[in-house]
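One structure is given below, encoded as structure tokens.
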Amino acid sequence: MKILLIHSDYLEFKVTEKTKIAEDTDTLEGRMEDCLTVFMAVEKEDEKNQENVLKNTLNEIIKTAENLKVNNIVVYPYAHLSSDLASPKVAREILVDVERELKEKNYNVLRAPFGWYKSFKISCKGHPLSELSREITGDMSSPEEISIDEKNKEKKEPKLYLLDVEGEELIELDRKKINKIIKDEELRALAIKELGIKDSKEDKREPPHVKYIREKEICDYEPSSDAGHFRWYPKGKLIRDLLQDYIYNIVIENGGMPVETPVMYNLENKSIKEHADKFGERQYRFTQGNKELMLRFAACFGQFMMKKDMYILPKHLPLKLYELSTYSFRYEQRGELVGLKRLRAFTMPDMHTVCLNMDQAMKEFENQFWMCLKTGDDLNTPYSVIFRYTEDFFEENKEWFFKMAKEYREKYGKGVLLELIPERSHYWVGKVDMAVIDTFGRPIENPTVQIDVESAKRFNIKVHDGNKETYPIILHCSPTGSIERVICGLLERAFKDFEKGSLPMLPIWLSPIQVRVIPVFENHKNYALGVAERLKENSIRVDYDDREDSVGKKIRNAGKDWVPYVVVIGDEEVENNILTVTIRKKSTLKKSFKEKMTVDELIKRIKEESKGYPYRPLSLPICCSLHPIFK
RNA sequence: GCCUCGGUGGCUCAGCCUGGUAGAGCGCCUGACUUGUAAUCAGGUGGUCGGGGGUUCGAAUCCCCCCCGGGGCUCCA
């Protein structure tokens with residue numbers, strides 16, 4: 001059975017002529033408003049299992065009708081959907097059954113007569129769900145969904161495989177097997193997303209990170225901008241800047257050269273227009289004077305233009321230019337914007353590597369893959385990995401892939417997913433995506449490395465080798481993914497930790513306030529302030545709670561601010577010249593973990609924990625009473 | 001973009017169904033209390049109820065349009 005579902009403003013028809021197989025009917029014309037029009041072709045195959053085909057068809061129609069909230073349904077026989085039709089008798093039976101069953105479910109049904117030539121008029125609503133086609137079998141499992149757009153495109157679908165920890169062979173994944181085969185929960189979440197499986201069981205609330213960004217005064221929506229654009233408060237700005245420093249360092253260690261390029265481009269440039277057009281509707285475009293301009297959606301544009309003008313020699317390769325694109329702009333669909341996960345303006349670390357040939361590209365791909373994975377270790381946000389290759393590329397480079405995947409599995413104890421794409425449809429022949437899994441088991445896609453075989457030519461980027469000129473291979477790499485998503489991942493991770501019983505917090509080097517000093521009595525204030533100042537001199541972000549609250553309340557507030565080390569100073573501490581430090585990492589909601597140590601020991605401890613990570617000073621006043629209230 | 005739920009002091013929310021002068025807690029301010037590990041007590045301040053239009057003698061409440069946010073679709077080079 002093939003059906004075509006059109007969400008219509010109206011459908012009207014009128015019979016024009018009988019055919020030999022025409023049914024007897026009084027319904028010679030009809031019209032229905034705001035309806036779901038279902039064009040149907042019953043096929044030979046359906047005769048084998050009429051009952052199930054009927055059931056599956058009804059399910060499909062009802063599901064769509066519910067989804068679209070329509071109560072009017074037109075059942076319209078439409079033989080042209082199939083070249084292998086059922087006998088007229090069976091077809092008519094099924095159509096009549098569909099009509100009857102739908103009426104029993106209280107739908108208003110209009111059925112166009114079978115076996116007549118008819119003229120019809122239809123007005124399609126035109127929203128994304130308004131046109132759907134379905135192929136229905138007698139099989140009781142759920143039917144494959146093919147949207148009308150995809151149908152024209154490809155017969156062959158990409159395939160998804162698992163390379164498991166123990167296994168040496170690729171296992172093809174499908175909806176049924178997935179739960180049994182993939183043991184790692186997070187990797188399974190990624191596979192589920194890839195296969196487009198919907199999990200309706202869990203009721204999803206606002207993601208925890210959305211609550212945290214406001215509560216912790218990190219950032220918030222800016223209602224006076226476009227949707228999906230954020231304002232950043234001092235604490236959030238500090239976290240962003242630290243992450244920026246971190247990526248800057250890691251890129252330089254790996255031979256990248258930071259540059260900066262414009263955020264907007266003139267579409268008169270042919271290569272830019274071509275590259276931009278591939279991205280479709282999802283960009284900001286505007287006219288200024290007589291120019292058509294666009295806002296960049298990645299840093300490719302500026303870097304490619306820069307490379308086009310460079311005189312590149314083989315000895316310069318691999319040549320890596322890096323830019324933190326503050327911002328990249330993508331005009332995402334309104335309903336797609338969620339907190340820090342999906343934005344219209346975001347900050348993307350973007351590095352492009354010019355490689356002499358595929359050999360060099362593959363070697364670099366591997367280096368950059370490990371660099372990306374290291375960011376997951378450093379940020380304590382483990383990634384799940386999916387490689388994507390075109391079939392051709394994979395066939396030629398299987399061994400390389402298996403070697404890389406094996407090393408990964410040995411190091412991380414986790415399998416990887418592999419997607420094989422029948423034909424190259426984008427600029428890349430191979431890529432790897434790494435994702436953090438959020439509280440609701442949805443992937444936050446972050447770092448990526450891609451092998452681009454198209455852009456060098458498009459942007460006229462050449463390598464000069466003797467008297468030869470060649471087009472290089474270019475790698476795209478984002479070592480962490482967007483800064484906003486990194487923060488999203490960190491906060492979701494913090495919430496997951498909280499669900500497991502530990503207190504949520506950021507890594508020490510990213511905590512806006514690393515130490516809070518709390519005096520017990522008025523007469524401890526000077527001593528406490530002295531301790532705070534000493535820590536500050538040693539490049540530790542510290543504040544001092546001089547507010548007129550009880551000690552209990554100050555402790556509570558320090559907890560709400562996720563301060564990793566809380567120092568309470570009373571008589572005992574002043575007398576013995578020692579600190580009592582509450583360590584958040586080792587505490588729980590019920591019991592706080594305290595340790596005695598000297599100021600020097602505390603300094604040493606924090607230095608050690610943040611060793612190798614960037615530092616920036618706290619921009620807020622040292623006295624808590626003077627902190628501005630943003631939220 | 002579609003469907004759906006929501007927007008009420010700085011924050012979290014009640015009131016809306018059944019129209020009749022806007023409520024609570026937190027914060028903030030003032031006062032009392034010399035306070036030892038997750039909220040000390042009392043008083044006070046604070047709101048054109050997201051915006052616009054309509055119905056009504058009267059709208060936070062009912063209706064329409066728009067903006068913003070959450071969820072579900074769809075999308076994600």
Side-chain angles (χ1 to χ4, degrees), chain A residues 7 63-64 66-70 125-132 145 147 149-150 193 196 198-200 202-207 210-211 214-215 217 220-229 274-283 297-298 300 328 330-339 341-342 425-428 431 433 440 442-443 445 448 450 452 454-455 476 503 516 518-525 547-561 563 566-573 580-584 587-594 625 628-631:
Chain A
H7 189 197
K63 200 171 87 189
T64 308
E66 278 176 357
N67 212 349
L68 298 169
K69 306 265 178 299
V70 293
K125 289 192 182 279
H127 58 78
L129 278 176
S130 65
E131 299 170 83
L132 300 165
E145 297 185 6
S147 91
D149 290 338
E150 282 164 5
K193 166 91 186 305
K198 287 148 211 156
D199 49 338
S200 46
E202 257 189 274
D203 98 279
K204 306 220 159 112
R205 300 171 305 273
E206 180 182 72
V210 175
K211 194 180 100 191
R214 278 186 273 242
E215 206 175 283
E217 296 189 316
D220 204 349
Y221 302 93
E222 173 49 67
S224 294
S225 181
D226 191 17
H229 292 241
E274 265 180 40
H275 194 70
D277 281 347
K278 287 206 146 196
F279 200 63
E281 295 293 297
R282 291 170 47 227
Q283 48 193 305
F297 49 80
C300 310
S328 283
R330 296 186 188 188
Y331 196 76
E332 303 287 3
Q333 293 183 81
R334 190 63 190 73
E336 277 311 314
L337 303 167
V338 198
K341 195 170 174 182
R342 201 87 174 270
S425 53
H426 310 306
Y427 56 73
W428 50 267
K431 70 187 284 205
D433 291 319
F440 302 121
R442 289 175 297 207
E445 286 200 6
T448 182
Q450 309 171 353
D452 178 349
E454 208 173 274
S455 297
H476 300 235
L503 294 175
R516 174 160 298 163
I518 298 177
V520 177
F521 292 102
E522 194 71 32
N523 61 333
H524 304 126
K525 278 193 167 181
R547 290 172 292 197
E548 302 280 325
D549 293 320
S550 67
V551 173
K553 185 146 176 183
K554 288 179 183 176
I555 296 285
R556 182 182 149 86
N557 282 333
K560 278 169 80 179
D561 288 340
V563 178
V566 179
V567 175
V568 176
I569 289 176
D571 286 340
E572 197 189 320
E573 287 76 15
T580 306
V581 183
T582 304
I583 301 171
R584 185 172 178 82
S587 304
T588 61
L589 256 184
K590 287 196 186 111
K591 191 165 168 51
S592 50
F593 180 91
K594 284 168 277 184
S625 67
I629 300 159
F630 289 92
K631 265 293 155 192

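The figures that follow rest on heavy atoms only: side chains count, while hydrogens, waters and symmetry mates do not. Source: prediction; values computed, not measured. Chain naming here is simple, since letters A, B, ... match the order of the sequence lines and numbering starts at 1 in each.
Going from atom CZ of R556(A) over to atom C1' of A38(B) covers 6 Å, rounded to whole Å. Rounded to whole Å, the distance from CD on E206(A) to C1' on G72(B) is 15 Å. Protein atom CG of L337(A) is 10 Å distant from nucleotide atom P of C68(B), rounded to whole Å.
Residue Y331(A) places no side-chain N or O under 4.0 Å from the OP1 or OP2 atom of C75(B). Within the 4.0 Å cut-off from OP1 or OP2 of G72(B), not a single side-chain nitrogen or oxygen of R205(A) is found. Regarding contacts with the backbone of U37(B), every side-chain N or O of K594(A) stays at 4.0 angstrom or more from both OP1 and OP2.
Distance from the side chain of R584(A) is smallest for A38(B) among the nucleotides A38(B), U37(B), G1(B).
Annotation: salt bridge (Lys or Arg N to Asp or Glu O under 4.0 Å) contacts of E573(A) (sequence neighbours excluded): none. Looking at residues two or more places apart in sequence or on another chain, you find a salt bridge (Lys or Arg N to Asp or Glu O under 4.0 Å) between D226(A) and R344(A). For K341(A), the side-chain hydrogen bond (donor to acceptor under 3.5 Å, both in side chains) partners are D438(A), not counting sequence neighbours. Under the salt bridge (Lys or Arg N to Asp or Glu O under 4.0 Å) criterion, R556(A) pairs with no residue, sequence neighbours left out. Residues passing the ring pair (Phe, Tyr, Trp, His ring centres under 6.0 Å) test with H275(A), sequence neighbours excluded: F301(A), F459(A). Qualifying ring pair (Phe, Tyr, Trp, His ring centres under 6.0 Å) partners for H476(A), counting only residues two or more places apart in sequence or in other chains: F304(A), H352(A), Y427(A). The ring pair (Phe, Tyr, Trp, His ring centres under 6.0 Å) search around F593(A) returns none, not counting sequence neighbours.
Counting any heavy atom pair closer than 4.0 Å across all strands shown, E572(A) reaches a base atom. Among the atoms of the strands shown, none is found under 4.0 Å from any heavy atom of F630(A).
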Please list, pair by pair, any protein nitrogen or oxygen found under 3.5 Å from a nitrogen or oxygen in nucleotides 43-49 of chain B.
none

Using the 3.5 Å cut-off, write out each protein N or O paired with an N or O of nucleotides 24-34 of chain B and the distance between them.
| residue | atom | partner | partner atom | Å |
| --- | --- | --- | --- | --- |
| G27(B) | OP1 | K553(A) | NZ | 2.5 |

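A 4.5 Å side-chain heavy-atom check between H524(A) and D571(A) finds at least one atom pair inside the cut-off. Side-chain contact between E454(A) and K278(A): present, with at least one pair of heavy atoms (C-beta onward) separated by less than 4.5 Å.
Judged by distance alone with a 3.5 Å cut-off, no donor-acceptor contact links the side chain of S550(A) to the base of U40(B).
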